[in-house]
Number of protein chains: 2
Amino acid sequence: MAKTVYNTATSIDGYLADPENSLEWLFTVPGGDPEQSEESETPLDEFGEFLAGVGAICMGSTTYEWILEYEHLLDNPDKWEYEAPSWVFTSRNLPAVPGKDIRFASGDVAAVHAEMVEVAGDKDRWIVGGGDLVGQFFDAGLLDEIRVSLAPVFLGDGAPLLPRRILSHHLELTEAKSVGQFACLTYRVK
Amino acid sequence: MAKTVYNTATSIDGYLADPENSLEWLFTVPGGDPEQSEESETPLDEFGEFLAGVGAICMGSTTYEWILEYEHLLDNPDKWEYEAPSWVFTSRNLPAVPGKDIRFASGDVAAVHAEMVEVAGDKDRWIVGGGDLVGQFFDAGLLDEIRVSLAPVFLGDGAPLLPRRILSHHLELTEAKSVGQFACLTYRVK
């Protein structure tokens with residue numbers, strides 16, 4: 001059955017990005033850089049399988065702007081690697097990646113989620129982040145699964161993974177394994 | 001070879017305790033309460049094995065005072081479950097648990113570490129926490145291993161697991177597995 005999934009890399013101490021909003025700490029982990037796919041064992045292989053099963057994507061504006069800038073997408077729109085329709089939550093006017101199915105949204109996540117469910121059909125819905133947007137999906141009872149790939153890094157500070165208090169009656173650990181240097185954990189949201 | 005090990009339970013998002021310094025969120029996880037050992041699979045079994053191999057213990061004052069109060073140790077000193085000599089880092093005068101080998105310390109962790117190595121002999125040294133004390137051992141190049149048992153909980157805020165920036169060239173994931181509802185990860189510090 002199709003699910004709404006938060007799937008992300010994070011530091012051991014639960015940060016998506018460091019205080020300078022950088023991911024350099026992630027890309028220097030063996031297997032952590034999408035541009036360097038030579039590594040024998042990397043969560044990016046599994047992530048590719050996950051992405052192939054995704055029919056709708058949602059992210060916050062900070063995440064979107066980070067990808068825009070990092071990949072120079074306005075000049076190189078084909079570096080946008082997602083085929084599924086993608087919603088970006090923002091209260092500002094942001095540029096769309098030319099020729100890609102990017103839809104801007106604001107307000108209640110439930111309305112967007114309903115559209116995502118319809119568009120994705122029997123495929124999954126991927127909430128990319130950031131943490132507070134994911135929290136809004138959780139608050140609305142719309143999050144089914146959390147997959148975190150912990151890089152072997154402590155950051156001490158940065159953008160929080162999921163800034164909510166969610167106790168154990170809401171979460172069931174369904175898998176914990178190492179993939180190369182990453183610890184990959186899956187939780188079912190109850 | 002004997003090691004200096006940080007071994008702790010934590011939330012998924014890297015907090016040792018919630019903002020009220022409580023561990024209730026941990027004790028309500030199946031297998032997370034030391035007083036309720038009926039659970040079939042719990043990290044506490046492995047923790048018992050770990051503890052049997054520990055010859056010296058070190059903790060910060062907040063951790064020590066939490067145990068003192070939670071276990072009512074001044075009235076029930078035999079609830080102090082550690083046989084190994086235990087150092088408590090504090091700048092204040094704190095009561096010792098009557099009849100137990102508790103040694104108060106302050107200042108540089110290196111001097112205490114040298115004593116711990118001598119006392120522990122071929123047994124391991126356990127740094128209990130909190131995070132900043134562990135960080136001081138890391139800063140001094142004295143931390144060999146980090147073992148974290150992630151409870152299926154997000155806290156959003158609280159006492160940090162290890163408030164340092166430690167990049168992947170310093171850490172090697174050596175094990176990742178589930179034990180009941182806990183994700184148990186071991187890192188070698190390089």
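Proteins come first, then strands; the chains are lettered A, B, ... in the order of their sequence lines, and each starts at number 1. Note: hydrogens, waters and symmetry copies are ignored here, and every other heavy atom, side chains too, is used.
Relative orientation of the A:F137 and A:F89 rings is perpendicular, given thresholds of 30° and 60° on the angle between their planes.
If you tally non-hydrogen atom pairs under 4.5 Å between each of B:L167, B:D157, B:L162, B:T28 and chain A, the highest count goes to B:L162. Of the listed residues (B:S178, B:P152, B:A176), the one with the most heavy-atom contacts under 4.5 Å to chain A is B:P152. Most heavy-atom pairs under 4.5 Å with chain B, from the set A:S168, A:P160, A:G14: that is A:S168.
At distances below 3.5 Å, not a single donor-acceptor pair connects side-chain atoms of A:S106 with backbone N or O atoms of A:F104. Panel note: side chain A:S22, backbone A:D18; no donor-acceptor pair is recorded below 3.5 Å. Formation of a donor-acceptor pair under 3.5 Å by the B:D13 side chain with backbone atoms of B:F154 is not found in this model. No donor-acceptor pair closer than 3.5 Å links the side chain of A:T10 to the backbone N or O of A:L150.
Scanning residues 180-190 of chain B against chain A with a 4.5 Å non-hydrogen threshold yields B:G180, B:Q181, B:F182, B:A183, B:L185, B:Y187, sorted by number.
For A:D122, the CG atom sits in a loose shell: 12 or fewer heavy atoms of surrounding residues, nucleotides or ligands are nearer than 6.0 Å.
Applying the side chain to side chain donor-acceptor pair (under 3.5 Å) rule to pairs touching residues 126-155 of chain B yields B:K3-B:E145, B:D132-B:Q136, B:D132-B:R164, B:D139-B:R164, B:E145-B:R147, sequence neighbours excluded.
B:T90 places none of its side-chain heavy atoms less than 4.5 Å from the side chain of B:Y64. Within the 4.5 Å cutoff, no side-chain heavy atoms of A:L143 are placed close to those of A:H170.
Only the backbone of A:P163 comes within less than 4.5 Å of a heavy atom in chain B; its side chain stays farther off. Contacts between A:I146 and chain B at a heavy-atom distance below 4.5 Å involve the side chain alone, from C-beta outward. With a 4.5 Å cut-off on non-hydrogen atoms, B:E172 touches chain A through its backbone and its side chain both. At a 4.5 Å heavy-atom cutoff, the contact between A:L161 and chain B is made by side-chain atoms alone.
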